[in-house]
Each structure stands twice: as structure tokens, then as C-alpha cells.
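Since this is a predicted model, take the numbers as computed values, not measurements. Chain A is the first sequence line, chain B the second, and so forth, proteins listed ahead of strands; every chain is numbered from 1.
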Amino acid sequence: MSDKIRVRIAPSPSGNLHIGTARTALFNFLYAKKVGGEFVLRIEDTDLDRSSEAFTQNIFDSLKALGLNWDEGPDVGGPYGPYYQSQRFDIYPKYAQMLIDKGYAYECFCSNEELEAEKEEAIKNHSAYVYSRKCLNLTDDEKNELRAKGIKPSIRFKVEHKELVFNDLVKGELKFDTSLIGDFVIMKSNGTPTYNFAVVIDDMLMNITDVIRGEDHISNTPKQILIYEALGAKVPNFGHLGMILAPDRTKLSKRHGATAVSDFVKQGYLTDALINFVALLGWSPSDGVEIKSVDEIAKDFRIHEVSSSNSVFEYDKLNWMNGQYIKKMEIPKLTDMIIPFLSKYDVAKYPREKLEKIVEITREPLTVLSEIEHDASYFFEDNFSYDEVREVLDKDLSKEVIRYVIDNADNWNFDDEDDIHNKLADLRTYFKENKSYKPKETMWAVRAATTGRTRGADMAETLWILGKDRVVERLKSAL
RNA sequence: GCCCCCAUCGUCUAGAGGCCUAGGACAACACCCUUUCACGGUGUAGACAGGGAUUCGAAUUCCCUUGGGGGUACCA
């Protein structure tokens with residue numbers, strides 16, 4: 001058997017890929033890639049009612065978009081399949097039986113009412129709830145009698161009372177008193193495995209060496225270790241990551257807005273920025289350079305250096321980072337990505353060259369791709385309102401500048417950006433020297449008249465894109 | 001109720017006993033650059049939750065309190 005590192009993520013397709021799951025996937029991926037290990041994807045679709053194919057597909061797509069490609073999984077296969085948990089139902093009962101045979105598990109016929117009563121009793125006594133083991137020593141006769149009544153038993157794991165210690169990859173030594181755990185159910189009375197049992201069997205069979213997951217799984221860990229031990233299997237390493245919290249410090253949920261990777265993408269976040277941002281929640285680069293690709297992060301990644309506390313998901317930094325990625329992106333690629341956000345307009349009215357130019361000159365202040373719809377609107381809508389710039393246009397100074405441009409438009413070569421640029425410079429100089437108008441005021445007049453805005457992209461390029469006819473027309477209607 | 005985890009600027013974090021009068025990034029603010037906004041640049045403000053203990057010396061170790069988070073299911 002090789003000692004190659006094997007990690008996995010096991011999302012449940014009861015929703016689109018959650019950003020938190022994406023981070024867990026990332027840390028697993030980084031951990032494995034750093035040492036040339038394998039990254040496995042297993043879909044935990046045991047809960048058939050809540051699982052759906054659309055969600056499964058979303059998980060595939062999101063993971064791929066983030067660059068987290070798996071070596072083994074439902075779609076690509078692998079030597080340890082099947083990778084859909086729902087296709088593995090037949091393998092759990094025999095392991096449960098094995099545990100019963102070895103005395104590590106037993107059948108339980110208790111009703112929900114009985115169990116509830118025990119629980120209430122425990123709370124009343126201010127003590128931990130631990131199953132009473134009422135069914136531990138049932139004789140065969142008693143069991144048959146109960147079975148004859150039509151009662152189907154669940155199977156409980158017999159928890160050995162001891163101090164259980166394991167060394168968590170991120171949190172260090174963790175100790176548990178297993179006498180507080182109570183014999184837990186591993187097979188439900190309907191014959192399906194419980195989560196804690198299924199994961200252990202799957203991870204064991206899939207040869208998973210390291211389990212990195214959210215800290216909401218910490219209390220499952222001792223139970224799972226106990227099962228590994230009873231099975232005589234090698235216990236994997238465990239690492240528990242702090243959770244991602246919303247700004248109100250509760251678990252990040254739909255109530256807080258976007259939670260799925262695909263939601264963020266729809267809003268105009270780039271997957272490169274997203275994954276980079278999420279890596280910084282708990283991990284920090286040794287060289288202080290925060291903008292990094294997954295590959296670069298992998299080189300520098302050490303699981304022991306990951307923060308063990310929770311972190312709050314704030315948009316400020318994500319927005320900044322997304323802006324950084326937008327600025328770095330190749331224009332043709334960016335243009336392709338931006339077109340969907342311009343669906344409100346007739347994009348086809350511009351040749352590709354001008355479309356790319358629009359993207360090039362309007363990308364600078366973008367933080368999220370969707371902002372382009374507003375920022376570039378005046379390139380697509382000719383009958384925009386001047387309300388926003390009324391104040392500017394009402395100034396005599398502005399009217400004068402606008403008239404001057406209209407009168408001299410024939411001298412401008414609107415097919416040549418450089419010429420427009422120079423003419424605008426001349427315009428500023430002219431009004432500054434003859435009328436003492438500030439360059440800013442002169443330009444504001446032109447901008448307001450041609451775009452209906454007081455702010456926006458470079459003026460010369462904007463005029464070039466619009467072309468002489470539309471520029472003159474807009475100047476006139478602004479008066 | 002019981003069990004567990006966590007605790008440095010508003011947020012993400014650096015910091016593994018003296019290098020810390022606590023560093024960086026985002027956000028904020030100011031200034032500079034500039035045809036606007038933005039980008040960029042420079043700077044300002046801003047934190048070791050509280051209390052004990054150990055030590056010559058603690059953000060760093062230990063204990064308590066407080067606060068936050070998670071779990072406590074025949075959900076995953």
C-alpha cells in the first residue's frame with residue numbers, strides 16, 4: 001500500500017456549492033497538491049429527498065470554475081468507486097454486522113418516546129445525555145419477541161469509555177471523554193447508515209489518509225475514530241477549519257445574501273478572485289503578497305499555519321480583490337465575461353473593436369462585473385436623461401464650451417483617438433487662457449453633455465467610440 | 001442543561017517569552033497625481049477581551065471569568 005496522501009471533499013447535493021464548502025475543498029486541494037497527493041470528490045446524496053441532480057451539476061461546475069479539479073470522482077471515476085454515496089448502500093450493512101459479531105455494536109429496539117424521555121431526564125439532572133444501554137443485553141428470545149411485534153431495530157455502536165486523544169492538523173491535541181458520548185446509532189431502523197457510519201466506511205474504503213473539514217465536525221470525530229478502531233482500520237489524520245461567519249457573526253446563510261459560488265459569479269465576481277479571497281480566510285502568505293493563484297498558494301501552504309478561529313466574511317476586501325483581478329485581466333477575455341452583464345443593451349451595435357475599447361476604458365473602477373451595466377450605459381442608450389447633470393449644463397460656461405465644440409466639430413477627426421485627445425487639450429487651453437475656465441470645468445461640460453454624467457471614462461476615447469454624429473447630436477440636445 | 005472549539009486594529013491577519021513603543025492588507029480619513037470618477041502614491045487614525053499565576057521579562061505559557069462559535073438526532 002502506498003503512503004500517498006489522499007484527501008476528499010464530500011459535499012451533499014442539497015444545495016448549490018456553498019462558499020464554505022469551496023474553502024474546505026480548497027484547503028484539501030492545497031494540502032494534497034503540495035505533496036503530490038490525490039484529491040477525491042464524493043457526492044453524499046444519501047438524503048434522496050433533499051438531493052438533486054441540478055445541485056450535483058452545480059457542485060461539479062463550481063469546483064471546476066474555481067480550478068479545484070479532482071483526481072477521482074463521480075464523473076471521472078477512479079479505482080475506489082462508486083463515488084455517489086447513494087450507490088454504496090449495499091456495502092454498509094455487512095460492516096455493521098461485522099461490528100455486531102465482534103461485540104462492538106448491538107441492536108436497539110427503543111422507541112422514539114423512550115429515547116425522548118431519557119433525554120429529558122438528562123437535562124433535568126443537568127447531566128449529559130447518554131443512551132441508557134437498555135437494549136445492550138437483550139437475549140435472543142427478547143429480541144425475537146420484539147421483532148415479532150414488528151419493531152425494526154436500529155444498530156448502535158457500543159462506545160468504550162476512555163479518554164480519546166487525537167492530534168488535529170490545525171488545532172493540535174484534542175481530548176474527549178467518550179463516556180459522555182453515548183452509544184450512537186450507526187444503522188437506522190430502515191436499514192440505511194447514519195452519516196457518521198457511512199463516512200467512516202467510505203473514507204476507509206477509499207483509502208483517505210487525511211480528513212480536512214469544518215470544525216462543525218469536531219464532535220463527530222471521536223465517534224468516527226472509535227469506529228475506525230473497532231474495524232481495525234488505520235485512523236486518518238483529522239484537521240478542523242474554523243467556520244466562515246457572516247458579518248453578524250452567525251453562520252453564513254442565504255439570509256445574508258449570496259452563499260453559493262454560483263451566486264457570486266452571477267453577481268460578477270471572478271472565480272479567481274473568489275478562491276483567492278477565501279484562501280485568505282484563515283491562511284496568510286509568508287511573503288505578504290496576498291494576490292496569488294491557487295498554484296502559488298499551494299507552494300506556500302502549510303496546514304498547521306491555518307488559523308484555528310472562525311473568520312467573518314466581509315465584502316470590502318472581496319470587492320477590492322475582485323477589482324484587482326478585473327484590472328489584470330486580458331481585455332478580450334474580460335469582454336467575453338462582461339457581455340452577459342450588458343444583456344439589457346444591444347451590444348451588437350458596436351464592432352468588437354469598439355466593444356473591447358468600452359471594456360478597456362470602463363473597467364478601472366469596477367469592483368463587480370455587474371456594475372458595467374450602469375457605468376457603460378451611455379454608450380448604449382442615446383436618449384438618456386440629463387437630470388443628473390442639470391446643474392452643470394445650466395452654467396453659462398458649460399453652454400459656451402458646448403457651443404464651441406459643436407461649431408468646431410468639423411475640424412476634429414473623430415476617427416482618430418489621438419486627434420480627439422489633442423483637440424480636447426487645445427480646448428482646455430483655449431478656455432483657460434481666454435476665459436480662465438478651469439480645465440476641470442471645461443471637461444465637465446463636454447462630459448455632461450455627451451454622457452449625462454459627471455464622472456466616467458476617459459473623454460477622448462469615449463468620444464471616439466460614440467463617433468462624430470452621436471457626439472454632435474448629444475451636444476445639441478444638451479443645450 | 002451537557003460537551004467541544006475559539007479569542008490581536010471595524011474586518012482578514014503577522015506574531016510560536018525578550019526583535020512589539022505589536023507589522024501588513026481591506027475599509028475609513030487626509031494629502032498628492034489628474035480632463036471627472038477611479039486607479040496609483042504618501043500619510044493619519046485604529047487592537048493584544050478582563051483578572052490572576054509562572055518568569056528577570058508575556059500578545060506569546062497555565063488557570064479563572066467573560067464573550068463568540070459549533071455540537072448535543074434513527075440530518076448530513
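At a threshold of 4.0 angstrom between heavy atoms, the contacts of A/S154 include nucleobase atoms, whether or not backbone atoms are also involved. The residue A/G282 sits close only to the backbone: its heavy atoms come under 4.0 Å of sugar-phosphate atoms, none of a base. Nucleic acid contact class of A/D375 (heavy atoms, under 4.0 Å, all strands): none. In this structure, A/R249 reaches the sugar-phosphate backbone alone: every heavy-atom distance under 4.0 Å involves primed, P, OP1 or OP2 atoms, never a base. As judged by a 4.0 angstrom heavy-atom cut-off over every strand, A/K438 is placed among residues making no nucleic acid contact. Using a 4.0 Å heavy-atom cutoff across all strands shown, A/H421 reaches at least one base atom of the nucleic acid. Contact annotation for A/E364: base contact, defined as any heavy-atom pair under 4.0 Å involving a base atom. Here A/G288 lies out of heavy-atom contact (under 4.0 Å) with every strand. Within the nucleic acid shown, A/A457 comes within 4.0 Å of at least one base atom, counting heavy atoms only. A/K124 comes within 4.0 angstrom of no nucleic acid atom, judged by non-hydrogen atoms across all strands. Within the nucleic acid shown, A/L281 comes within 4.0 Å of sugar-phosphate atoms alone, with no base atom in reach, counting heavy atoms only. In this structure, A/S189 reaches the bases: a heavy-atom distance under 4.0 Å links it to at least one base atom across the strands shown. Contacts of A/T454 with the nucleic acid, taken as non-hydrogen atoms under 4.0 Å apart, include base atoms.
In this structure, A/L366 and A/F313 both approach RNA chain B, and ranking their closest nucleotides by distance from the 5' end singles out A/F313. If A/E305 and A/P365 are placed on RNA chain B by their nearest nucleotide, the residue sitting closer to the 5' end is A/E305.
Taking the P atom of each, B/G69 and B/C74 are spaced 25 Å apart, rounded to whole Å. One P atom belongs to B/C62, the other to B/G24, and the distance between them is 29 Å to the nearest Å. Comparing B/A45 with B/A30, their P atoms sit 15 Å apart, to the nearest whole Å. Distance check on atom P: B/G51 versus B/C56 gives 22 Å, rounded to whole Å. For the C1' atoms, the distance linking B/C2 with B/U8 amounts to 31 Å, nearest Å. The gap from the P atom of B/G43 to that of B/A25 amounts to 10 Å, rounded to the nearest Å. Rounded to the nearest Å, the gap between the P atom of B/C6 and that of B/U60 is 15 Å. For B/A27 and B/A76, the P atoms lie 43 Å apart once the distance is rounded to whole Å.
Checked against A/Y269 for a ring-ring contact (aromatic ring centres under 6.0 Å, His included), the options A/F341, A/F264, A/F277 give a single hit: A/F264.
Judged by a 6.0 Å distance limit and a 45° cone about the ring axis, A/R453 is not positioned over the six-membered ring of A/Y378. A/K435 forms no cation-pi arrangement with A/F431, by the criterion of a distance under 6.0 Å to the ring centre and an angle within 45° of the ring axis.
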Report the C-alpha distance between A/Q224 and A/T221 in whole Å, list the side-chain angles of each, state the deciding distance to 0.1 Å, and finish with yes or no for side-chain hydrogen bond (donor to acceptor under 3.5 Å, both in side chains). CA-CA 5 Å; A/Q224 294 175 192; A/T221 310; 5.4 Å; no

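Side chain of A/H217, nearest nucleotide from B/A76, B/C2, B/G69: B/A76.
Across the protein-nucleic acid pair, A/W444 atom CH2 and B/A38 atom C1' stand 14 Å apart, rounded to whole Å. Distance A/L252 CG to B/G69 C1': 14 Å, rounded to the nearest Å. Between the P atom of B/G40 and the CD1 atom of A/I291 lies a distance of 10 Å, rounded to the nearest Å. Spacing between atom CG of A/N125 and atom C1' of B/G1 amounts to 10 Å, rounded to whole angstrom units. Distance A/E461 CD to B/A38 P: 19 Å, rounded to the nearest Å.
For the segment residues 174-184 of chain A, residues with any heavy atom less than 4.0 angstrom from an atom of RNA chain B are, sorted by number, A/L174, A/F176, A/L180. Near RNA chain B, meaning a heavy atom under 4.0 Å away, the residues from residues 314-328 of chain A are A/E314, A/D316, A/K317, A/W320, A/Q324, A/K327.
Taking every heavy atom of both residues into account, A/I59 and A/P13 meet most closely at CD1-CA, 3.9 Å. Taking every heavy atom of both residues into account, A/N276 and A/I291 meet most closely at OD1-CA, 3.4 Å.
The aromatic rings of A/F157 and A/Y104 lie parallel to each other, with less than 30° between the two planes, well short of the 60° mark. Ring geometry for A/Y92 versus A/F89: interplanar angle over 60°, hence perpendicular rather than tilted (30 to 60°).
The phosphate of B/U35 has neither OP1 nor OP2 within less than 4.0 Å of any side-chain N or O from A/K423.
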